[in-house]
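Each remark here refers to the structure printed beneath this line.
For the single chain, residues carry numbers from 1 onward in sequence order. These numbers were taken from a predicted model, which means no experiment stands behind them. Whatever order the structure lists them in is the order used to number ligands and atoms, beginning at 1.
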Amino acid sequence: MKILVVGGGGREHAIIMKLAESKRVKKLYCAPGNGGISRYAECFDVKATDIVGMVDLAKKLSADMVVVAPDDPLVLGMVDALNAEGIMTFGPDKAAAAIEGSKVFSKELMKKYGIPTAAYEVFTDSAAAVEYLKKQNSYPAVIKADGLALGKGVIIAQNEEEAVNAVHEMIDNRKFGESSARIVIEEYLTGPEVSVLSFTDGKTVVPMISSMDHKRAYDNDEGLNTGGMGTVAPNPYYTEEVAKECMEKIFLPTVKAMNAEGRTFKGCLYFGLMITPKGARVIEYNCRFGDPETQVVLPLLDSDLCDIFEAVYNGTLSDIDIKWKNEACACIVMASGGYPLSYPKGLEMHGMDDKGQVDNVFVYHAGTKYENGKFYTNGGRVIGVTASGTDLPSALEKAYGAVEKISFENAHYRKDIGKKALAALK
Ligand code: AMP
Ligand code: GLY
């Protein structure tokens, strides 16, 4: 098979490397890809959101399958456009991608079908939202933009001033454009967070190995929210008991609810969960593989990813036996100094071989460029240095060991990835 992967980050690099293990895969393409990905797959300069351009590219390459990895093309309906041309895809159609594309839609879905999540109200008018905040007078308050906002659309306001500011910024100043014309104000929950990605064909749902993201920029969960500074898998808070509860109360009900709404979800459905004292709650759904969760989950997959993607498309997922390695995996993101705000690009990187790799680990490239045999930074999150091991301490040791060997000016990474997970294991 010839497979085209849409996107150009660490997640896409991880999908490509797992597909490359399949005997059925003859050729891998990526658009737009990045420097590191270009060493393993042929890259094409088509933007991930360019639906017409991507359909043309898939036809030109006679791709047998297109994997649409990022949220924005999914929400824009790239899968619908490819399917209309008879091209096999992995990823939900536009109607199903609304589960991530609109927080209002996903909250209403959960309310209607009794899926546990934080209590909430929806607002389009800032005065009404402010009045509600004042009446509730409960902080922290959680304020979320309805639509996609590059992972930055959630504000945890510690007091009234911050909350009122967030409301004005989102609704009146359209901080995230039309994505913040509507907002959700929800109850603040506490407890450890767990990411569970799952494969689903709309009938069967198969959770992958659980993982834990580290969203804040600095150690001890300080600093701004980022796309994710590192991940570990499995997540020790996702016990067998929690897994059972999630399957019964969250995973299956969500898949059934989407069917009942005429929005059958086929692809990777991501459950962002919080394990509260009252049980597991959905914090968010994503309609795609998480980044950098994928970088620690897919290396542990011990089955053919191409077979799984095909079964999801054909609605035959129940026929497939999906196996996982009994190991742990850790990914340390090396970011440009200044991320997630402003940062330079084009800095020369040192310490990696000609494939962008270092011994003992796998380096998933997120924002790099490859020119004349050298790698240069080309984004906020630059690489995700990933190692697996028999247990989490050995995976972390290998990953951090390799991070020490790679350098670029002002590189920033967290030194405490996996610390919480290790504490929970004790
Ligand atoms: P999201 O982009 O929806 O995943 O939200 C980003 C982060 O905000 C989550 O990973 C949580 O840490 C936090 N968060 C979101 N919703 C809530 C909530 N209702 N209560 C507490 N924290 C939340
Ligand atoms: N790492 C969280 C996400 O992909 O949304």
Side-chain angles (χ1 to χ4, degrees), residues 7 9-12 14-15 69-72 74-75 97 99-107 110 116-121 136 138-158 163 166 170 176 179-180 183-198 208 210-217 221-233 235 237 268-278 280-298 331 333 335 340 364 366 380-381 384 414 417 420:
R11 162 184 55 205
E12 288 75 13
I15 292 171
D71 48 6
D72 24 359
L74 290 166
V75 170
I99 201 165
E100 175 170 4
S102 168
K103 295 247 192 252
V104 174
F105 169 77
S106 70
K107 294 298 285 189
M110 288 186 269
T117 188
Y120 72 100
E121 293 290 333
Q136 293 289 100
S138 160
Y139 297 95
V142 182
I143 300 165
K144 300 185 171 183
D146 176 40
L148 298 180
L150 295 167
K152 293 173 190 150
V154 176
I155 302 285
I156 314 281
Q158 298 300 332
M170 286 198 196
F176 303 107
S179 280
S180 63
I183 61 167
V184 170
I185 300 185
E186 67 177 36
E187 174 197 7
Y188 178 76
L189 301 174
T190 53
E193 287 184 55
V194 178
S195 303
V196 179
L197 324 187
S198 71
M208 302 181 216
S210 61
S211 54
M212 186 191 288
D213 194 4
H214 298 68
K215 287 198 162 101
R216 302 295 198 98
D221 293 331
E222 283 171 20
L224 293 172
N225 259 321
T226 70
M229 293 299 294
T231 36
V232 296
N235 184 323
Y237 290 104
C268 172
L269 182 53
Y270 167 127
F271 300 90
L273 307 167
M274 194 172 270
I275 315 303
T276 76
K278 291 184 188 155
R281 299 284 183 271
V282 177
I283 290 287
E284 65 159 350
Y285 292 114
N286 288 158
C287 66
R288 47 158 180 99
F289 283 98
D291 189 340
E293 283 91 341
T294 307
Q295 290 91 311
V296 289
V297 170
L298 286 187
C331 170
V333 169
Y364 294 113
R381 290 189 293 176
R414 278 180 61 162
I417 301 301
K420 261 196 216 161

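Put simply, the side chain of Lys103 never gets that close to the backbone of Glu284: no donor and acceptor are under 3.5 Å apart. Between the side chain of Glu100 and the main chain of Ala97, no donor-acceptor pair closer than 3.5 Å is present. For the pair Arg281 (side chain) and Thr276 (backbone), a donor-acceptor distance under 3.5 Å is absent. Not one N or O on the side chain of Thr294 forms a donor-acceptor pair closer than 3.5 Å with the backbone of Arg11. A donor-acceptor contact shorter than 3.5 Å is absent between the side chain of Ser180 and the backbone of Ala145. Between the side chain of Ser179 and the main chain of Leu148, a donor-acceptor pair closer than 3.5 Å is present. Under a 3.5 Å cut-off, the side chain of Arg381 and the backbone N or O of Gly228 do form a donor-acceptor pair. Using modelled atom types, no side-chain atom of Asn225 and backbone atom of Ile155 make a donor-acceptor pair closer than 3.5 Å.
Here the side chains of Leu298 and Phe289 are in contact, with some heavy-atom distance below 4.5 Å. Side-chain atoms of Glu187 and Ser138, non-hydrogen and from C-beta on, never get closer than 4.5 Å to each other. Within the 4.5 Å cutoff, the side chain of Tyr285 has heavy atoms near those of the Phe271 side chain.
Residue-to-ligand polar distances place Leu189 within reach of ligand 1: an N/O pair is separated by less than 3.5 Å. Between Tyr188 and ligand 1, a contact under 3.5 Å exists for no N or O pair. Checked against a 3.5 angstrom limit, the closest N/O atoms of Tyr270 and ligand 2 fall outside it. Checked against a 3.5 angstrom limit, the closest N/O atoms of Glu293 and ligand 2 fall inside it. Looking at Lys215 next to ligand 2, no N or O pair under 3.5 Å apart turns up.
Of the protein's non-hydrogen atoms, the one nearest atom 7 (C) of ligand 1 is Lys215 CD, 4.3 Å. Residue, atom and distance of the protein heavy atom nearest to atom 16 (N) of ligand 1 are Lys144 NZ, 3.1 Å. Protein heavy atom closest to atom 11 (C) of ligand 1, with residue, atom name and distance, is Glu193 OE2, 3.2 Å. For atom 8 (O) of ligand 1, the nearest protein heavy atom (residue, atom name, distance) is Val154 CG1, 3.7 Å. Atom 17 (C) of ligand 1 has Ile283 CD1, 3.7 Å as its closest protein atom, hydrogens excluded (heavy atom only). With respect to atom 14 (N) of ligand 1, the closest heavy atom belonging to the protein is Ile156 CD1, 3.8 Å.
Shown in contact with Glu284 at under 4.0 Å from a heavy atom are these atoms of ligand 1, numbered in order with element: 1 (P), 2 (O), 3 (O), 4 (O). Within ligand 2, counting atoms from 1 as listed, the ones closer than 4.0 Å to a heavy atom of Gly290 are 4 (O). Annotation for ligand 1: atoms under 4.0 Å from non-hydrogen atoms of Glu186 are 16 (N), 17 (C), 18 (C), 19 (N). Interface of Asp213 with ligand 2, defined as ligand atoms under 4.0 Å from a residue heavy atom, comprises 1 (N), 2 (C). For ligand 2, the atoms lying closer than 4.0 Å to a non-hydrogen atom of Arg288 are 3 (C), 4 (O), 5 (O). The ligand atoms of ligand 1 that sit less than 4.0 angstrom from a heavy atom of Val142 are 16 (N), 17 (C), 18 (C), 19 (N), 20 (N).
Neither the backbone nor the side chain of Thr231 comes within contact range of ligand 2; no heavy atom lies under 4.0 Å. When non-hydrogen atoms are compared, ligand 2 lies under 4.0 Å from neither the backbone nor the side chain of Gln295.
Salt bridge status for Asp146 with Lys107: absent, with no side-chain N to carboxylate O gap under 4.0 Å.
At least one heavy atom of Gly227 sits less than 4.0 Å from an atom of ligand 2. Heavy-atom separations between Arg11 and ligand 2 are all 4.0 Å or longer. Between Lys103 and ligand 1 there is a heavy-atom distance shorter than 4.0 Å. Using a non-hydrogen distance threshold of 4.0 Å, Gly228 does not register as a contact of ligand 2.
Remark: of the listed residues Arg216, Lys420, His214, Lys215, Lys420 is the sole one forming a side-chain hydrogen bond (donor to acceptor under 3.5 Å, both in side chains) with Asp221.
Ser195 and Glu293 are linked by a side-chain donor-acceptor pair at a separation below 3.5 angstrom, with hydrogens and angles left out of the test.
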